[in-house]
Amino acid sequence: MITLGIETTCDETSIALVKNGKQVLANVVFSSLLEHKPYGGVVPEIASRAHLETLLPCLEASLKKARLSLKHVGLIAVAQGPGLMGSLLVGLSAAKALALALKKPLIGVDHVIAHLYSAFLSGRQPCLPCLGLVVSGGHTLIIHMKNHDRIQILGKTLDDAAGEAFDKVAKILGLGYPGGPGVDRLSRGEDTKVFPFTRPFLKSDSLDFSFSGIKTAVFYKVLELKKKKPLTLKTKKQICAGFQEAVCEVLVEKTVRAAKSRNLKTVIVGGGVSANSRLREKFKEAERKQKLKVIFPPLELCQDNAAMIAGLGTALYRRGKRDRLELSSYPDFHYLMKPQ
Ligand code: KG4
Ligand code: ZN
């Protein structure tokens, strides 16, 4: 079965064609990032306009790449939320129009949970049940995934998401938006101990996270240093390395703890921050020491993409999920815990 996936939750317009929920035949992504850069963050009106302009070209490019036509499509999957309402509306309207015109089933997919599906498109097939860590710009979640439609949230961030903390620290250091890739790059090979920021919440038994304190600690450290002299590139690099190490350590420790507490041997990671090189290294260490199997998505599927939407849509369809054309979008993460 060929599933057409549509992703328009934020600043990426993406259309993908995925075969049997496993094989990515095409995954075309257009980002309006450059248009938002002067404002230091995503401007909702610019994002929805960009989706309108690029959705059909993305669809054409995706079909061309996969050497398919719309008549080969068996299912339409669309990111229903969470995201910017105007942006979601563009994707949802396109999905409904296609489902109606092609007379094919339509499935709404949660964008945050779909991030974890990217690990199922890595070529290494994760076993279910498993433990999921979502680290994106808007969400940080530890999830017990019993099946694609049976998930339980074990931990979440109480304030900033991991990606958001990376973005804010990058802004404090004048590194531009989005900040994660810049912090990652500057940290490489640097001493992580020159600025040993406190590991937030690590001592607590809770599986929740809190990253706003560490961001504030970076802010005051930069203020203190700047009073003496302007920051050198070397100092910026060391601050990035200290911050990144603290965040990654908390993410890995809590994930391992959660996996052990549920006796789960497989961990899957998804979301923009799963591209982080230090996070990948630290999970590799944990894989060795803790006898866990840790599966990351391929780098191109860490960012927002429609392949994960098509993949999860296929899995949910197989589990019997069907949606109607009345399907509506939602702005916030509202995945309801299903009974055990
Ligand atoms: O999952 P995503 O593409 O969008 C959301 O659904 O939020 O995540 C975007 C986030 C941004 O905060 C960005 O700074 C972060 O992922 N990010 C990274 C890296 N690449 C992207 N954070 C740390 N290291 C990276 N290499
Ligand atoms: Zn995302």
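For reference, positions follow the sequence shown, starting with 1.
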If hydrophobic clusters are built by linking Ile, Leu, Val, Met, Phe, Trp and Tyr wherever their side-chain heavy atoms come under 4.5 Å apart, do Leu102 and Leu56 end up in the same one?
yes
Could you tell me if the ring centre of Phe195 sits under 6.0 Å from that of Phe243?
no
Please work out whether the ring planes of Phe209 and Phe211 are parallel, tilted or perpendicular, with thresholds of 30° and 60°.
parallel
Taking His51 for its side chain and Val90 for its backbone only, find out whether a donor-acceptor pair lies under 3.5 Å.
no
Stepwise, does the side chain to side chain donor-acceptor pair (under 3.5 Å) test hold for Thr13 with Thr54?
CA-CA 7 Å; Thr13 316; Thr54 53; 3.0 Å; yes
Donor-acceptor contact present, side-chain Ser32 to main-chain Glu35, <3.5 Å
no
4.5 Å side-chain heavy-atom contact, Leu92 and Lys96
yes
Measure the spacing between CG of Leu98 and CG of Leu4 and express it to the nearest 0.5 Å.
6.5 Å
Answer whether the closest heavy-atom distance between the side chains of Ser48 and Leu89 falls below 4.5 Å.
no
Backbone of Met308 reached by a side-chain donor or acceptor of Ser118 within 3.5 Å
no
Please verify the inter-ring angle class for His148 with Phe120; under 30° counts as parallel, over 60° as perpendicular, anything in between as tilted.
perpendicular
May I ask you to decide if Phe283's main-chain N or O and Arg288's side chain share a donor-acceptor pair within less than 3.5 Å?
no
Residue Arg67 excluded, over 12 heavy atoms near CZ under 6.0 Å:
no
Taking the side chain as every heavy atom from C-beta outward, state whether Lys71 and Val73 have any pair of such atoms under 4.5 Å apart.
no
With a 6.0 Å cut-off on ring centres, are Tyr177 and Tyr39 close enough?
no
Of Glu245, Glu249, Glu253, Glu287, which meets side chain to side chain donor-acceptor pair (under 3.5 Å) against Lys282?
Glu245
Quick check: do Leu173 and Leu231 have side-chain heavy atoms less than 4.5 Å from each other?
yes
Between Gln125 and Lys22, do the side chains contain a donor N or O and an acceptor N or O under 3.5 Å apart?
no
Do Thr266 and Leu131 have side chains that get closer than 4.5 Å, going by heavy atoms?
no
Got a donor-acceptor contact below 3.5 angstrom from the Lys254 side chain to the Ile142 backbone?
no
Under 4.0 Å between a Lys/Arg side-chain N and an Asp/Glu carboxylate O for Arg49 and Glu45?
yes
How many angstroms lie between atom OG of Ser122 and atom CD1 of Ile295, to the nearest 0.5 angstrom?
5.5 Å
What about Phe333 and His139, are their ring centers closer than 6.0 Å?
yes
Once you round to the nearest 0.5 Å, how far does CG of Leu106 lie from CG of Leu325?
6.0 Å
Close side-chain approach of Ile143 and Leu154, heavy atoms under 4.5 Å:
no
Strictly below 4.0 Å, N to O, side chains only: are Glu190 and Lys234 in salt-bridge contact?
yes
If only side-chain N and O atoms count, and only distance matters, is there a donor-acceptor pair under 3.5 Å linking Arg262 with Gln152?
yes
Just checking, is any N or O donor in the side chain of Asp184 or Ser277 under 3.5 Å from an acceptor N or O on the other one?
yes
Side-chain donor or acceptor of Asn147 paired with backbone N/O of Asp149 under 3.5 Å:
no
Checking Asp11 side chain against Ser31 main chain: does a donor-acceptor pair fall under 3.5 Å?
no
Run the salt bridge (charged side-chain N to carboxylate O under 4.0 Å, His left out) check on Lys284 and Glu281 step by step: do they pass?
CA-CA 5 Å; Lys284 249 203 184 93; Glu281 272 172 24; over 6 Å; no
Taking Ser261 for the side chain and Ala258 for the main chain, is one N or O donor matched with an acceptor at less than 3.5 Å?
yes
Report yes or no: does Ser14 contribute a side-chain atom to a donor-acceptor pair with the main-chain N or O of Asn305 at less than 3.5 Å?
no
Any chance you could measure Ser212, atom OG, to Glu164, atom CD, to the nearest 0.5 Å?
9.0 Å
Test item: Ser62 side-chain N/O and Ile15 main-chain N/O as donor-acceptor pair under 3.5 Å
yes
Examine the side chains of Thr314 and Thr3 and answer whether a donor and an acceptor come within less than 3.5 Å of each other.
yes
